Amino acid sequence: MDKPNASYGYWLLIAIFVIATCGLVYELVAGALASYLLGDSVRQFSFIIGVYLFSMGIGAYLAKFIHHKLLEKFILIEIWIGVIGGLSATLLFVLFNYVLYFEPLLYTIVFSIGCLVGLEIPLLMQLMQDELQFKDLVSNVFAVDYIGALVASVLFPLVLVPYLGLMRTSLFFGMLNIAIAWVLAVALRQRVSMAIRLQVKAILVFLLLLTTFIFANDILAWSEKNLYDETILLSKTTPYQRIVLTHQKNNCKLYLNNNLQFASADEYRYHEALVHPVLSLAECVDQVLVLGGGDGLALREILKYPDVQQITLVDLDREMTEICSNNHLLTQFNQNAFQNPKVKVINQDAFVWLQHNDSQFDVAIVDFPDPSNYSVGKLYTQRFYQSLQKVLSPQAMVSVQTTSPFVAPKSFWCIQKTLASVFAEAQAYHIYVPSFGEWGFSLATQQDFSPSNVPFRTVSPLRFYDFRFNKLCDFPSDMRAKDIAINRLDNQILVRYFDEEWNK
Amino acid sequence: MKNGINKPLSRRHFLQYGSLSCLNMLFPACLKKTTVVPHLSISGANHQIGHRLRNLQFPAPTQEKTIPILIIGGGISGLSACRRLRQKGVDDFLLLDIEAEMGGNSRAASNAYTAYPLGAHYLPLPNRNDTELLRFLEESEIIVGYDTQNYPIFDEAQLTIAPAERLFINNKWQEGVIPDYGLSEESQHNIAQFLAYMEVFKEQKGADGKFLFDIPIKNSSNDPLLRQLDAMTMQQWLKENGFVANELLQYVDYCCRDDYGMGIAYVSAWAGIHYFAARKGDSTPQKDDNVLTWQQGNAYLVEKLQYYAKGKTQLESIAFRVTKTEKGAKVWVYEAKNDRTTVYTAQKVIVACPQYVAQRLFDVPLADANLFHHAPWLVATLTLRQMPRGVGFPLSWDNVILGGKGLGYVNDLHQSLQQHHPKAVITYYHAFEGQAAQERQKVYQNTPEKWLQMVVDELQKAHYNIESLIETAHFHVWGHGMICPVPNFLYGAGQQLHTWQPTIYFAHSDWSGISIFEEAFHAGIRAVDQLLDDEKS
């Protein structure tokens, strides 16, 4: 009886070594994958390890309820671990783009693997208790288990990830796990009932994993394509905002605090509409003031006018204007506008700057974030426009971005009405920008003004604006609003309209 | 720029931000308790010099001076008197103040980020019939013009910027300070009824054709109803009239503590109703109940008034004795800067210091001192690493916690037009009701550490992590914060004071029983007008 017993124990210890290695690999794969997909690796690893160990505890506890056919169940568990662990990376990669709640999926998988791995050691110890003294049993089992862990953790970053990648690593160890199950089922067939059945099962799932392994690169490429729906090219958090630049096919998008600032595919529509009406219809364009607009795209359009002598851009965020004057991609979009000697950048709060400025501008272009909170709302008040007016020459003209007249007609007409309460003339107009939808602006001046005025100057070529201003001034009835109040500091009614309309 | 109609958040971003914020919730900020010990400082009214007044420990006079008009006290009433004198072409006067700065309760301080009030911090829109105050606001460019219907146009940036007020009630911030969120129908009805009652009082006039409640109080009616209301506490009046909803009582109590330093159990019903009915809200066509406010609080108005006192003031000077002579008065003044006493011979003296100081100046009692109750106040200004987030309505200018012991806090940066501030600065107000003298002893003995604990305990009700955000705290302690209109004051102490015309004139809001800017402003004007009238006759 000695011999078979010795080989039985021997086989089981080999099994422990392999499954210990596999178990740690699944854990590392899950941690690495979560860091990769979700970011913040310290947090992800920490949580994955925690959940994994916890679920191993649960598994270990559950092991005491398994009494009969221990070996068969052990082999079956190995097969299951192989399948779930082996396919875990593939599943997570593929499903990342299709499930709304990724974390529950991630932790369910981690929990299942942990639970099954937790079952292993207690089961094995039960299986081997007749073969070995208790102290030998515990020592041997844990020694082999920890050696396996070491092997896994050394191999994982040095060999497995660089050469196999996450998906193939997990598949490979899944196959290893299943192979062990098959070997056990074959080697210990006398002790196992329905050994053939187990062998067949093991072979079938092994083949499944092998197929996945072979096509892993294709699956990866396919899922990465979905994953990089928008590749993040740049992401920066300044004291004022979070700037994110993404890329997708031929379109780049800039987000400020998760709000789309521009999409390179159609921003020309927005910026042409913001800049050219005012620059063509203003009597004089020597001195141009830009408030906001730190992306430099409005500058690009303004610089098309040779008459412009100087452009003063006031933007709060120094890092924003620096990124937009230095980033290789962004300078392509704004055509290095910040390097132009006509451009002067002032990084200050626009409202505060206006209060302490006495220069005179002939054109002002106001391009602030939407009035989504009470802080930004101040930049759309009567008082703000009064302050603006103080730095304008008598014949000056102003253009202001005024949100969407379709989504937020009340907000749109509120800004328009507020402008009209300060300036002698204010003319609302709108265009269509695919990324934003219908978008509105307003022209304001102290001079007599008619939308059909003949431009003082035009430039070419433009892609969108054709200098026929009055055709942008027609508003269908679904873009109109009645009984709108003027936005003042002491009512900030615009923020209420905006909130009501955009959160509908 | 623009938000875009297409929701810009891709699923990947959503997952990223979503997951991070989920995980964030597992680690509430309270776990990362700051190890930075906040920097604490404390200030208060000039106690030492004030206490010397009690014991009269001053050096013997070493010089004599003459001045036609001497004004004692450089708070709002004293400064208002200066303004009136200047406007009437009288330039020969001297204004004395005990402190190193003019302004009394309306002084301010500042830190690296903003100026902030040490006391009074706003002025409600004046009643339209208060032409004197409207004129002053016009001089100060707070009123920038009048519209076609002759309504004053207030400077947009000096009105409270929206959102003005919020209330923490039932674990949520609601807009406005009148309780509403989560109230039962009965409570809501009770509150609506109360407010309707107050609207009636607002318009009600006595047999003499004057408003029952008006500002200044001197302008209000002599109707016997007022005498009745003056005889009972606000609490009694509320009970007798069926106002029982807990939230309503808490709200009215808050209002009384806010304006008078003591709650409904202490102030007279007359005063309690005055709070709601005296301000007509008729200076704008929309009947706005907005207020005028500045980052430095009413110190802004002090600045404007000081214009009229320029070159006519002497600080850190305490008048400690006034005696009437045949031709005028002699005033003993201790000048702390050069540690000497000067005796001024004045033809006229305007006493514009609070009652508890004024009563020590004269050899004879002015009025029954026991009738005057001054609640101690604490004004705490905290610099916070950032404003703690709250559930519900966003940060407003005035932030009140319903049922709190304090009066909530003001966002000191609210009136700033700037978009971003590196820190948040808030000023928390707390009035100590009860036996004023005992409370005062406690208040004087408190250490900054204990004050901090008290303020944190109070604010934690709405901001659980506020303690970890505090970087600096400045506590300003007012031993005698403001006069409290207890029952029988208006028709008692307030009427007792006889002026010693044509030499000595009293001009301080204490004598009116209500410590508000308007009362002080008018008290100064009234004293000067009487003085000049007496001179003519």
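Convention: sequence-line order gives letters A, B, ...; per-chain numbering from 1. In this text, all values refer to a predicted model and were calculated from it rather than measured experimentally.
Between Thr293(B) atom OG1 and Asp490(A) atom CG the span is 13.0 Å, to the nearest 0.5 Å. Rounding to the nearest 0.5 angstrom, the gap separating the CD atom in Gln418(B) from the NZ atom in Lys378(A) is 9.0 Å. We find the CG-CZ distance between Leu417(B) and Arg383(A) to be 6.5 Å, quoted to the nearest 0.5 Å.
Counting heavy-atom pairs closer than 4.5 Å to chain B, the top residue among Asn491(A), Leu379(A), Val366(A) is Leu379(A).
With hydrogens and angles disregarded, a donor-acceptor distance shorter than 3.5 Å links the side chain of Gln419(B) to the backbone of Ser375(A).
No more than 12 heavy atoms of other residues, nucleotides or ligands lie within 6.0 Å of CG in Asp289(B), so this atom counts as exposed by the packing criterion. Taking a 6.0 Å sphere around OH of Tyr307(B), one finds it holds 12 or fewer heavy atoms contributed by other residues, nucleotides or ligands. Heavy atoms from other residues, nucleotides or ligands lying under 6.0 Å from CZ of Arg318(A) number 12 at most. In Glu141(B), the CD atom is not crowded: 12 or fewer heavy atoms of neighbouring residues, nucleotides or ligands sit closer than 6.0 Å.
Only the backbone of Asn487(A) comes within contact range of chain B, with at least one heavy atom under 4.5 Å from a heavy atom of that chain. For Gln348(A), no part lies near chain B; criterion is any non-hydrogen pair under 4.5 Å. Contact of His414(B) with chain A is made through the backbone alone, with heavy-atom distances under 4.5 Å. For a residue to count as touching a neighbouring chain, one of its non-hydrogen atoms must lie under 4.5 Å from one of that chain's; by this rule Val495(A) does not touch chain B. Within the 4.5 angstrom heavy-atom criterion, only side-chain atoms of Glu175(B), from C-beta onward, approach chain A.
Nearest approach of Arg488(A) to Phe154(B), heavy atoms of both residues: NH2-O, 4.2 Å. Taking every heavy atom of both residues into account, Ala157(B) and Leu489(A) meet most closely at CA-CD1, 3.6 Å. Across all non-hydrogen atoms, the minimal contact from Pro163(B) to Tyr374(A) is CD-CG, 3.4 Å.
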**Message:** Go through it in stages, so that I can follow the logic: the residues are Asp349(A) and His420(B), the test is side chain to side chain contact (heavy atoms under 4.5 Å, CB included), and I'd like the CA-CA distance, side-chain angles, deciding distance and then a yes or no.
**Reply:** CA-CA 8 Å; Asp349(A) 186 284; His420(B) 289 270; 5.8 Å; no

**Message:** Please determine whether side chain to side chain contact (heavy atoms under 4.5 Å, CB included) holds for the pair Thr381(A) and Ile161(B), giving the CA-CA distance in whole Å, both sets of side-chain angles, and the decisive distance to 0.1 Å.
**Reply:** CA-CA 11 Å; Thr381(A) 54; Ile161(B) 294 176; over 6 Å; no

